[in-house]
Number of protein chains: 2
Amino acid sequence: MDKDRYRQAVRLFGLLSHPVRLRIVDELRRGEVCVCHLQAVLKRPQPYISQQLRVLREAGVIEGHRQGLYVYYRLIDEQVEKLLLETLGPAGEPIPLPLCACPRCHGEAESLSLPSGSVATEVR
Amino acid sequence: MDKDRYRQAVRLFGLLSHPVRLRIVDELRRGEVCVCHLQAVLKRPQPYISQQLRVLREAGVIEGHRQGLYVYYRLIDEQVEKLLLETLGPAGEPIPLPLCACPRCHGEAESLSLPSGSVATEVR
DNA sequence: TCGCTATATGCATTCAATTGCATATAGTAC
DNA sequence: GTACTATATGCAATTGAATGCATATAGCGA
């Protein structure tokens, strides 16, 4: 069916036509980050961020895996990546945030590798 | 300002995240068509089509010029064209419609050129 | 002028997305 | 087990977009 192509495109554009969601995927194309990181960047309440992450996750655009207390999300849809490239230009550099509490962000070298005993599990 | 890039992108995606508007711009990238043509293709009431055309026109995505009773619209935003190419693939062939009343559509050869005395005027 | 057609506009209503917030869950450390 | 942190979920309230429709305007021909 040809109508599906339209529906699919409308759905995709709809996901990106939202200021917070757009900024989330733009942040995510720089690399994997945790929720608290996005919270710090977007300056929005945590439940609000989580809700938008859910929308993107259920649409199959992003994927998250838990690592201890933290959940790290990344972009898994290359079409979205192309659309961002076209509209926003190339992705910026990843920025470690002092505002973010997670080990990856406050720059402790050893915390960049998996702590022994912890296992990365998919979020769904 | 960097925020403007986001705003601009959100605006663009918003325009395309609408089934009727998306189909209009997809139709328009095949070539210039009149309003009645879009009416026939989309099977929607004329005021409804005109409203969506206005949204696209005021956003600077399309442009219309009047030719006698008929107004012909065309796509003038190449970024939109690229986004459509990415999401919908290449544009289809232009299709003349028997359902459409305008001279261009019911295939009278001489009507494809401007009738003497008529002047193309911009719509705004 | 009037009558007709194509297109545009204004406005009220309906509907869906957005947002805020309270609370639930998952995991860690003790 | 309890206490604490990060993240997720559910739901009500609100806002804004989408839609329908009546009417206005523009141009043509008689």
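If you're wondering where the values come from, they're calculated on a predicted model, not measured in any experiment. By convention in this document, chain letters (A, B, ...) are assigned in the order of the sequence lines, proteins followed by strands, and residues within each chain are numbered from 1.
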Check: For A:Gln46 and A:Ser17, take the nucleotide of DNA chain C holding the closest heavy atom to each; which residue's nucleotide lies nearer the 5' end?
Finding: A:Ser17

Note to self: I need the NZ-P distance between A:Lys43 and C:dT19, as an integer number of Å.
What the structure shows: 16 Å

Check: Could you state the CD-P distance from A:Gln52 to C:dT18, rounded to the nearest angstrom?
Finding: 7 Å

Checklist line | Euclidean distance, atom CZ of residue A:Arg44 to atom P of C:dG20 [Å, nearest integer] | finding: 6 Å

Check: To the nearest angstrom, how far is A:Glu58 atom CD from C:dA17 atom P?
Finding: 13 Å

Checklist line | Nearest-angstrom distance from the residue atom CZ of B:Arg66 to C1' of C:dT5 | finding: 11 Å

Next item on the list: Compute the angle between the rotation axes at the two ends of the helix from C:dT1-D:dA30 to C:dC30-D:dG1, each taken over five pairs, rounded to 10 degrees.
Entry: 20°

Next item on the list: Answer with yes or no whether the side chains of B:Arg54 and B:Gln51 bring together a donor and an acceptor at under 3.5 Å.
Entry: no

Checklist line | nucleotides 10-17 of chain D: protein proximity per nucleotide (B base, S sugar-phosphate only, - neither; heavy atom, under 4.0 Å) | finding: BB------

Note to self: I'd like to know if the side chain of B:Arg30 and the backbone of B:Glu93 have a donor-acceptor N/O pair within less than 3.5 Å.
What the structure shows: yes

Margin query: If I take atom CD in residue B:Gln39 and atom P in nucleotide C:dA8, what distance separates them, rounded to the nearest angstrom?
Written below: 10 Å

Item checked: Phosphate OP1/OP2 of D:dA6 contacted by A:Tyr73 side-chain N/O (<4.0 Å) -> no

Note to self: How close do A:Arg5 and B:Thr87 get, counting heavy atoms only, and between which atoms?
What the structure shows: NE-O, 4.4 Å

